[in-house]
Amino acid sequence: MPKRLSREFYTRSTLIVAKDLLGKYLVRRVGRKTLVGKIVETEAYIGPKDKASHSYGGKITDRTKTFYLKGGHLYVYLCYGIYLMLNIVTEKENKPEAVLIRALEPVGKYDFSKIKNLSNGPGKLCRWLEIDKSFNGEDLTKSKRIWLESRGEKMKKSRIKASRRIGVDYAREWANKPWRFYIFENPSVSRR
DNA sequence: CTCGCGATATTCT
DNA sequence: GAATATCGCGAGA
């Protein structure tokens, strides 16, 4: 039985949430169709101390203010002028921590060859889900167009791998923190 | 297979 | 004016 994730799920420690999100389902309603994807790759951003995070140093700007909402909201922003990134805010209000959703495994009738390329990267999954900037600040516990749910599957700990984060080399030693989590040998995990 | 690069626009300095 | 939490293409090996 699918069950929408509650506020309590999101307001826990960011590293716990990042790992716990693996194997959960993201549901996106757009018009008459419903897109569903299983989360297979995440990254934790733990500001203000985390140099790789937009909330580094406790900085608040127009772009990053939704980062400071309580857990369960979305932080969506544009990167490289082309791609949107989808983040799930964690922890309590004014604690700017979040989990970047890096890859989903599409659920439904897709060719295997398509599945591999639809949402195996943070920019691509936003395009697939038709996410736009209006999703910034969306509340996942209330929204009618996007939410997360558990389908009662247990994720084996042995399937979860951790690694350094991707694309944040400018953060130097912070880029080496093992804060990227993914499901081992899942074909939808982003390459590298 | 790996590497390098350009696209593109919003944000921040 | 510079930087950017990415992606796909084309060249070379």
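Since the model is a prediction, treat every value here as computed from it, not as a measurement. Order of the sequence lines sets the chain letters (A, B, ...), proteins ahead of strands, with each chain counted from 1.
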Is it true that the NZ or CZ of [X] lies under 6.0 Å from the centre of [Y]'s six-membered ring and within 45 degrees of the ring axis?
| X | Y | result |
| --- | --- | --- |
| A/Arg4 | A/Phe9 | no |
| A/Arg180 | A/Tyr182 | yes |
| A/Arg159 | A/Phe184 | no |

Q) Would you call A/Arg12 and A/Glu91 a salt bridge, using N to O less than 4.0 angstrom? A)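 No, this pair does not count.
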**Q.** Lys/Arg N to Asp/Glu carboxylate O, A/Glu173 vs A/Arg164, below 4.0 Å
**A.**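 No, this pair does not count.
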**Q.** A/Tyr45-C/dA5 aromatic stacking (under 5.5 Å, under 30°)
**A.**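 Stacked: ring centres under 5.5 Å, planes under 30°.
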Q.
Would you say A/Asn120 and A/Ser190 are linked by a side-chain donor-acceptor pair, where the criterion is simply a distance under 3.5 Å?
A.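 No, because no side-chain N or O of A/Ser190 sits under 3.5 Å from a partner of the opposite role on A/Asn120.
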Take atom [atom1] of [X] and atom [atom2] of [N], then tell me their distance rounded to the nearest Å.
| X | N | atom1 | atom2 | value |
| --- | --- | --- | --- | --- |
| A/Arg63 | B/dT10 | CZ | P | 12 Å |
| A/Ile166 | C/dT6 | CD1 | P | 8 Å |
| A/Arg191 | C/dT6 | CZ | C1' | 11 Å |
| A/Tyr80 | C/dC9 | OH | C1' | 17 Å |
| A/Leu100 | C/dT6 | CG | P | 8 Å |
| A/Tyr170 | B/dT11 | OH | C1' | 13 Å |
| A/Leu84 | C/dT4 | CG | P | 18 Å |

Q: First locate atom CG of A/Asn87, then atom CZ of A/Phe67, and finally report the distance between them rounded to the nearest 0.5 Å.
A: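 Separation between the atoms: 6.0 Å.
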Q | Distance, nearest 0.5 Å, that separates CE of A/Met85 from CD of A/Glu43 | A |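 So the gap between those two atoms works out to 10.5 Å.
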Q: Any chance you could encode DNA chain B as dot-bracket? Rule is Watson-Crick or G-U wobble with both distances under 3.5 Å; [ ] for pairs crossing earlier ones, | for another strand.
A: |||||||.||||.
Q. When all nucleic acid strands are considered with a 4.0 Å heavy-atom cut-off, which category describes A/Leu78: base, sugar-phosphate, or nothing?
A.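 Here A/Leu78 touches the backbone only, sparing every base.
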Q | Closest to side chain of A/Lys59, choosing from C/dA5, C/dC7, B/dT13 | A |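 Minimum distance to the A/Lys59 side chain belongs to B/dT13.
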Q.
What's the closest nucleotide to the side chain of A/Ile82 if the choices are B/dA7, C/dT6, B/dT10?
A.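 Among B/dA7, C/dT6, B/dT10, the one nearest the side chain of A/Ile82 is B/dA7.
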Q) Is there a residue in residues 114-132 of chain A whose heavy atoms reach under 4.0 Å of DNA chain B, and which residues are they? A)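 Those residues: none at all.
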Q. Of A/Tyr83 and A/Lys133, whose nearest nucleotide on DNA chain B comes first from the 5' end?
A.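 First, find each residue's nearest nucleotide; the 5'-ward one identifies A/Tyr83.
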(Q) Tell me whether A/Ser143 contacts the main-chain N or O of A/Asp139 through its side chain, where contact means a donor paired with an acceptor under 3.5 Å. (A)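 Absent.
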